[in-house]
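So the structure is just underneath, and the comments pick up after that.
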Amino acid sequence: MRTKSQSSVNLKVIFTCCSILIFLIIFFARSNSSSKPHFKTNLSQEEEENQHTPEGCPSTKQCTKMPISLSDALVHYVTSDVTPQQTFDEVSVSKRVLDKKSPCNFLVFGLGHDSLMWASLNHGGRTLFIEEDKAWIETVTKKFPNLEAYHVVYDTKVKNSDKLMELGRSEECKSVTDPRNSRCDLSLKDFPADFYETKWDLIMVDAPTGYHEEAPGRMSAIYTAGLLARNREDGETDVFVHDVNRPVEDEFSATFLCKGYMREQNGRLRHFTIPSHRARAGRSFCPVDVDRRR
(Lines give C-alpha, C1' and ligand atoms only; values in the text may rest on other atoms or scores of the structure.)
Protein backbone atom coordinates (compact mmCIF):
# COMPACT_ATOMS: atom_id res chain seq x y z
CA MET A 1 0.00 0.00 0.00
CA ARG A 2 1.41 3.46 -1.09
CA THR A 3 1.74 6.27 1.40
CA LYS A 4 0.14 9.72 0.92
CA SER A 5 3.51 11.42 0.31
CA GLN A 6 4.46 8.89 -2.36
CA SER A 7 1.08 9.39 -4.00
CA SER A 8 1.53 13.18 -4.15
CA VAL A 9 5.02 12.79 -5.62
CA ASN A 10 3.69 10.49 -8.32
CA LEU A 11 0.97 12.96 -9.14
CA LYS A 12 3.55 15.72 -9.52
CA VAL A 13 5.64 13.55 -11.84
CA ILE A 14 2.60 12.65 -13.92
CA PHE A 15 1.51 16.29 -14.09
CA THR A 16 5.00 17.41 -15.15
CA CYS A 17 5.22 14.73 -17.88
CA CYS A 18 1.79 15.62 -19.19
CA SER A 19 2.71 19.31 -19.28
CA ILE A 20 5.89 18.56 -21.24
CA LEU A 21 3.94 16.31 -23.62
CA ILE A 22 1.31 19.00 -24.23
CA PHE A 23 4.03 21.59 -24.81
CA LEU A 24 5.75 19.37 -27.36
CA ILE A 25 2.46 18.71 -29.17
CA ILE A 26 1.73 22.45 -29.38
CA PHE A 27 5.30 23.17 -30.51
CA PHE A 28 5.26 20.64 -33.32
CA ALA A 29 1.79 21.68 -34.38
CA ARG A 30 2.95 25.29 -34.76
CA SER A 31 6.10 24.19 -36.56
CA ASN A 32 4.10 22.23 -39.12
CA SER A 33 1.63 25.02 -39.71
CA SER A 34 4.41 27.58 -40.24
CA SER A 35 6.32 25.28 -42.60
CA LYS A 36 3.34 24.85 -44.92
CA PRO A 37 3.11 28.53 -45.96
CA HIS A 38 6.88 28.56 -46.37
CA PHE A 39 6.64 25.66 -48.81
CA LYS A 40 3.88 27.44 -50.69
CA THR A 41 6.00 30.58 -50.89
CA ASN A 42 8.92 28.65 -52.34
CA LEU A 43 6.59 26.97 -54.80
CA SER A 44 5.10 30.27 -55.93
CA GLN A 45 8.58 31.71 -56.43
CA GLU A 46 9.51 28.73 -58.56
CA GLU A 47 6.32 29.10 -60.58
CA GLU A 48 6.98 32.81 -61.01
CA GLU A 49 10.56 32.07 -62.11
CA ASN A 50 9.28 29.57 -64.66
CA GLN A 51 6.83 32.16 -66.00
CA HIS A 52 9.79 34.44 -66.81
CA THR A 53 11.86 31.69 -68.40
CA PRO A 54 12.12 32.25 -72.18
CA GLU A 55 10.24 29.78 -74.34
CA GLY A 56 12.29 26.73 -75.23
CA CYS A 57 14.65 27.14 -72.27
CA PRO A 58 14.71 24.29 -69.72
CA SER A 59 15.74 26.66 -66.92
CA THR A 60 16.69 30.26 -66.28
CA LYS A 61 20.27 29.29 -65.44
CA GLN A 62 20.75 27.55 -68.78
CA CYS A 63 19.22 30.44 -70.71
CA THR A 64 21.58 33.01 -69.20
CA LYS A 65 24.62 30.95 -70.20
CA MET A 66 26.84 32.64 -72.79
CA PRO A 67 26.19 31.26 -76.32
CA ILE A 68 29.00 29.17 -77.79
CA SER A 69 29.40 31.60 -80.71
CA LEU A 70 30.15 34.45 -78.32
CA SER A 71 32.56 32.44 -76.19
CA ASP A 72 34.36 31.30 -79.36
CA ALA A 73 34.71 34.93 -80.45
CA LEU A 74 36.08 36.04 -77.09
CA VAL A 75 38.66 33.27 -76.96
CA HIS A 76 39.65 33.82 -80.59
CA TYR A 77 40.26 37.55 -80.36
CA VAL A 78 41.90 37.44 -76.93
CA THR A 79 44.42 34.84 -78.10
CA SER A 80 44.92 36.10 -81.69
CA ASP A 81 47.70 38.45 -82.75
CA VAL A 82 46.06 39.12 -86.14
CA THR A 83 44.58 42.60 -86.54
CA PRO A 84 41.09 42.76 -88.16
CA GLN A 85 40.71 44.68 -91.43
CA GLN A 86 38.83 47.58 -89.83
CA THR A 87 39.84 49.94 -87.05
CA PHE A 88 37.95 50.28 -83.77
CA ASP A 89 36.26 53.50 -84.93
CA GLU A 90 35.24 51.95 -88.25
CA VAL A 91 33.81 48.84 -86.59
CA SER A 92 31.91 51.05 -84.14
CA VAL A 93 29.91 52.61 -87.01
CA SER A 94 28.45 49.24 -88.04
CA LYS A 95 28.13 48.06 -84.45
CA ARG A 96 25.83 50.97 -83.57
CA VAL A 97 23.46 49.90 -86.35
CA LEU A 98 23.68 46.23 -85.35
CA ASP A 99 22.90 47.18 -81.75
CA LYS A 100 19.57 48.56 -82.98
CA LYS A 101 18.69 46.01 -85.66
CA SER A 102 20.08 42.67 -84.50
CA PRO A 103 19.06 39.92 -84.66
CA CYS A 104 18.69 40.59 -88.37
CA ASN A 105 19.81 39.52 -91.86
CA PHE A 106 23.39 40.64 -92.45
CA LEU A 107 25.16 40.13 -95.80
CA VAL A 108 28.94 40.49 -95.83
CA PHE A 109 31.08 40.57 -98.96
CA GLY A 110 34.29 38.94 -97.77
CA LEU A 111 35.31 36.31 -95.23
CA GLY A 112 38.10 37.71 -93.08
CA HIS A 113 39.70 37.90 -89.66
CA ASP A 114 36.73 39.93 -88.41
CA SER A 115 34.01 37.52 -89.63
CA LEU A 116 33.56 35.81 -86.27
CA MET A 117 33.06 39.25 -84.72
CA TRP A 118 30.31 40.21 -87.20
CA ALA A 119 28.47 36.92 -86.68
CA SER A 120 28.70 37.36 -82.89
CA LEU A 121 27.46 40.96 -82.99
CA ASN A 122 24.45 39.66 -84.92
CA HIS A 123 23.82 36.80 -82.48
CA GLY A 124 20.46 35.17 -83.11
CA GLY A 125 20.29 36.58 -86.64
CA ARG A 126 21.65 35.36 -89.96
CA THR A 127 25.08 36.50 -91.13
CA LEU A 128 26.08 35.29 -94.61
CA PHE A 129 29.60 35.74 -96.00
CA ILE A 130 30.31 35.90 -99.74
CA GLU A 131 33.89 34.89 -100.54
CA GLU A 132 35.94 34.48 -103.74
CA ASP A 133 38.67 32.23 -102.27
CA LYS A 134 37.39 28.66 -101.88
CA ALA A 135 40.47 27.45 -100.00
CA TRP A 136 40.12 30.30 -97.51
CA ILE A 137 36.47 29.38 -96.87
CA GLU A 138 37.52 25.82 -96.05
CA THR A 139 40.24 27.06 -93.69
CA VAL A 140 37.98 29.46 -91.78
CA THR A 141 34.87 27.28 -91.59
CA LYS A 142 36.94 24.31 -90.42
CA LYS A 143 37.96 26.39 -87.41
CA PHE A 144 34.56 28.03 -86.99
CA PRO A 145 31.92 25.67 -88.45
CA ASN A 146 29.04 27.92 -87.34
CA LEU A 147 29.98 30.58 -89.91
CA GLU A 148 27.90 30.49 -93.10
CA ALA A 149 29.82 31.26 -96.29
CA TYR A 150 29.21 30.90 -100.03
CA HIS A 151 31.93 30.63 -102.65
CA VAL A 152 31.35 32.95 -105.62
CA VAL A 153 33.19 33.97 -108.79
CA TYR A 154 33.57 37.53 -110.11
CA ASP A 155 34.18 38.29 -113.79
CA THR A 156 35.41 41.89 -113.45
CA LYS A 157 38.87 43.44 -113.06
CA VAL A 158 39.99 46.67 -111.45
CA LYS A 159 41.74 47.73 -114.67
CA ASN A 160 38.31 47.89 -116.37
CA SER A 161 36.68 50.04 -113.68
CA ASP A 162 36.54 53.22 -115.81
CA LYS A 163 34.69 51.39 -118.59
CA LEU A 164 32.31 49.86 -116.05
CA MET A 165 31.62 53.28 -114.58
CA GLU A 166 30.52 54.55 -117.99
CA LEU A 167 28.29 51.53 -118.50
CA GLY A 168 26.84 52.06 -115.05
CA ARG A 169 25.56 55.51 -116.00
CA SER A 170 23.25 54.01 -118.64
CA GLU A 171 19.48 53.87 -118.17
CA GLU A 172 19.61 50.06 -117.86
CA CYS A 173 21.65 50.43 -114.68
CA LYS A 174 19.18 52.89 -113.14
CA SER A 175 16.30 50.45 -113.42
CA VAL A 176 15.37 48.85 -110.08
CA THR A 177 14.73 45.13 -110.36
CA ASP A 178 15.94 41.76 -109.12
CA PRO A 179 19.69 41.72 -109.92
CA ARG A 180 19.22 38.42 -111.76
CA ASN A 181 16.89 40.17 -114.22
CA SER A 182 18.89 43.37 -114.57
CA ARG A 183 20.25 44.36 -117.97
CA CYS A 184 23.10 46.26 -116.34
CA ASP A 185 26.55 44.71 -116.84
CA LEU A 186 27.47 45.63 -113.26
CA SER A 187 24.80 43.43 -111.73
CA LEU A 188 25.87 40.14 -110.15
CA LYS A 189 23.56 37.51 -111.67
CA ASP A 190 24.97 34.06 -110.95
CA PHE A 191 25.11 33.92 -107.16
CA PRO A 192 23.14 31.41 -105.00
CA ALA A 193 19.38 32.03 -104.88
CA ASP A 194 19.55 32.89 -101.16
CA PHE A 195 21.64 35.93 -102.02
CA TYR A 196 18.76 37.46 -103.99
CA GLU A 197 15.74 36.17 -102.09
CA THR A 198 16.67 37.27 -98.56
CA LYS A 199 15.61 40.68 -97.30
CA TRP A 200 18.95 42.03 -96.08
CA ASP A 201 18.88 44.57 -93.25
CA LEU A 202 22.62 45.29 -93.41
CA ILE A 203 25.15 44.80 -96.21
CA MET A 204 28.89 45.14 -95.72
CA VAL A 205 31.10 45.48 -98.83
CA ASP A 206 34.65 44.59 -97.80
CA ALA A 207 35.48 42.30 -100.74
CA PRO A 208 36.40 41.08 -103.28
CA THR A 209 40.09 41.86 -103.61
CA GLY A 210 40.68 45.29 -105.08
CA TYR A 211 44.23 46.47 -104.40
CA HIS A 212 45.80 45.61 -107.80
CA GLU A 213 44.83 45.95 -111.46
CA GLU A 214 44.15 42.25 -112.10
CA ALA A 215 41.98 41.86 -108.99
CA PRO A 216 38.18 41.55 -109.41
CA GLY A 217 37.52 44.83 -107.62
CA ARG A 218 34.33 45.86 -105.84
CA MET A 219 32.55 47.59 -108.69
CA SER A 220 29.83 44.96 -109.09
CA ALA A 221 29.58 44.26 -105.37
CA ILE A 222 28.86 47.92 -104.61
CA TYR A 223 26.35 48.30 -107.45
CA THR A 224 24.51 45.07 -106.57
CA ALA A 225 24.38 45.94 -102.86
CA GLY A 226 22.55 49.13 -103.81
CA LEU A 227 20.22 47.23 -106.14
CA LEU A 228 19.35 44.67 -103.45
CA ALA A 229 18.53 47.53 -101.07
CA ARG A 230 16.34 49.40 -103.57
CA ASN A 231 14.55 46.25 -104.72
CA ARG A 232 13.42 45.09 -101.26
CA GLU A 233 9.66 45.14 -100.78
CA ASP A 234 9.68 47.76 -98.02
CA GLY A 235 11.83 49.32 -95.31
CA GLU A 236 15.46 50.31 -95.72
CA THR A 237 18.92 48.74 -95.81
CA ASP A 238 22.09 49.99 -94.19
CA VAL A 239 25.03 49.53 -96.58
CA PHE A 240 28.66 49.88 -95.51
CA VAL A 241 31.63 50.15 -97.89
CA HIS A 242 35.19 49.74 -96.64
CA ASP A 243 38.44 51.05 -98.21
CA VAL A 244 36.86 54.20 -99.65
CA ASN A 245 40.36 55.71 -99.67
CA ARG A 246 40.82 53.80 -102.96
CA PRO A 247 39.41 55.24 -106.24
CA VAL A 248 37.04 52.35 -107.07
CA GLU A 249 35.41 52.19 -103.63
CA ASP A 250 35.21 55.99 -103.46
CA GLU A 251 33.69 56.62 -106.90
CA PHE A 252 31.39 53.60 -107.15
CA SER A 253 29.91 54.05 -103.67
CA ALA A 254 29.27 57.77 -104.26
CA THR A 255 27.68 57.08 -107.66
CA PHE A 256 25.62 53.93 -107.08
CA LEU A 257 24.84 54.14 -103.36
CA CYS A 258 24.42 57.92 -103.73
CA LYS A 259 25.84 60.79 -101.69
CA GLY A 260 22.30 61.73 -100.73
CA TYR A 261 21.91 58.39 -98.92
CA MET A 262 25.24 58.63 -97.11
CA ARG A 263 24.92 58.89 -93.33
CA GLU A 264 28.58 59.22 -92.35
CA GLN A 265 32.16 58.43 -93.15
CA ASN A 266 34.62 57.33 -90.49
CA GLY A 267 38.15 56.63 -91.63
CA ARG A 268 37.95 54.32 -94.65
CA LEU A 269 34.31 53.30 -93.99
CA ARG A 270 31.16 54.85 -95.45
CA HIS A 271 27.66 54.21 -94.18
CA PHE A 272 24.63 54.58 -96.46
CA THR A 273 20.94 54.05 -95.64
CA ILE A 274 19.00 53.16 -98.78
CA PRO A 275 15.18 52.99 -98.76
CA SER A 276 13.03 50.57 -100.74
CA HIS A 277 12.19 51.95 -104.20
CA ARG A 278 9.37 49.45 -104.61
CA ALA A 279 7.49 50.85 -101.61
CA ARG A 280 7.17 54.25 -103.28
CA ALA A 281 6.74 54.43 -107.04
CA GLY A 282 8.59 57.13 -108.97
CA ARG A 283 11.55 57.41 -106.61
CA SER A 284 14.68 58.43 -108.55
CA PHE A 285 17.79 56.24 -108.45
CA CYS A 286 19.53 58.86 -106.28
CA PRO A 287 17.83 61.59 -104.21
CA VAL A 288 16.66 64.44 -106.47
CA ASP A 289 18.64 67.22 -104.77
CA VAL A 290 21.90 65.31 -105.40
CA ASP A 291 20.98 64.64 -109.02
CA ARG A 292 20.43 68.38 -109.61
CA ARG A 293 23.89 69.28 -108.34
CA ARG A 294 25.54 67.05 -110.97
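Only a predicted model underlies this, so the values are computations on that prediction, with no experimental measurement involved.
For E197, the side chain to side chain donor-acceptor pair (under 3.5 Å) criterion is met by R180, not counting sequence neighbours. Judged as a side chain to side chain donor-acceptor pair (under 3.5 Å), and not counting sequence neighbours, the contacts of T127 are N122. Under the salt bridge (Lys or Arg N to Asp or Glu O under 4.0 Å) criterion, E236 pairs with no residue at all, not counting sequence neighbours. Taking E148 as the reference, R126 meet the side chain to side chain donor-acceptor pair (under 3.5 Å) condition, with sequence neighbours excluded. Listed by chain and residue number, nothing satisfies the side chain to side chain donor-acceptor pair (under 3.5 Å) test with T177 (two or more places apart in sequence, or in another chain). With sequence neighbours excluded, the residues forming a salt bridge (Lys or Arg N to Asp or Glu O under 4.0 Å) with K101 are D238, listed by chain and number. Taking C173 as the reference, C184 meet the disulfide (SG to SG under 2.5 Å) condition, with sequence neighbours excluded. Looking at residues two or more places apart in sequence or on another chain, you find a salt bridge (Lys or Arg N to Asp or Glu O under 4.0 Å) between D99 and K95. Residues passing the salt bridge (Lys or Arg N to Asp or Glu O under 4.0 Å) test with E90, sequence neighbours excluded: R268.
For residues 219-231, no pair satisfies side chain to side chain donor-acceptor pair (under 3.5 Å), with sequence neighbours left out. Within the structure, the disulfide bond (SG atoms under 2.5 Å apart) test picks out no pair touching residues 93-139 (sequence neighbours left out). Contacts classified as salt bridge (Lys or Arg N to Asp or Glu O under 4.0 Å) and involving residues 214-228 (residues at least two apart or in different chains) are given here: K157-E214, K159-E214, D206-R218, R218-D243, R218-E249.
Contact of the R232 side chain with the D201 side chain is registered, since non-hydrogen atoms from C-beta on lie closer than 4.5 Å.
Scanning both residues, G168 and L186, for their nearest heavy atoms gives CA-CD1, 3.7 Å. Residues P208 and G217 approach most closely at CG-O, 2.9 Å, considering heavy atoms. The shortest heavy-atom contact between V205 and A221 is CG1-CB, 4.0 Å. Heavy-atom minimum distance, P216 versus Y154: CB-CB, 3.8 Å.
Annotation: F256 is not in aromatic contact with Y261 [ring centroid separation under 6.0 Å not met].
Residue F240 holds its CZ atom at 11.0 Å from CZ of F272, rounded to the nearest 0.5 Å.
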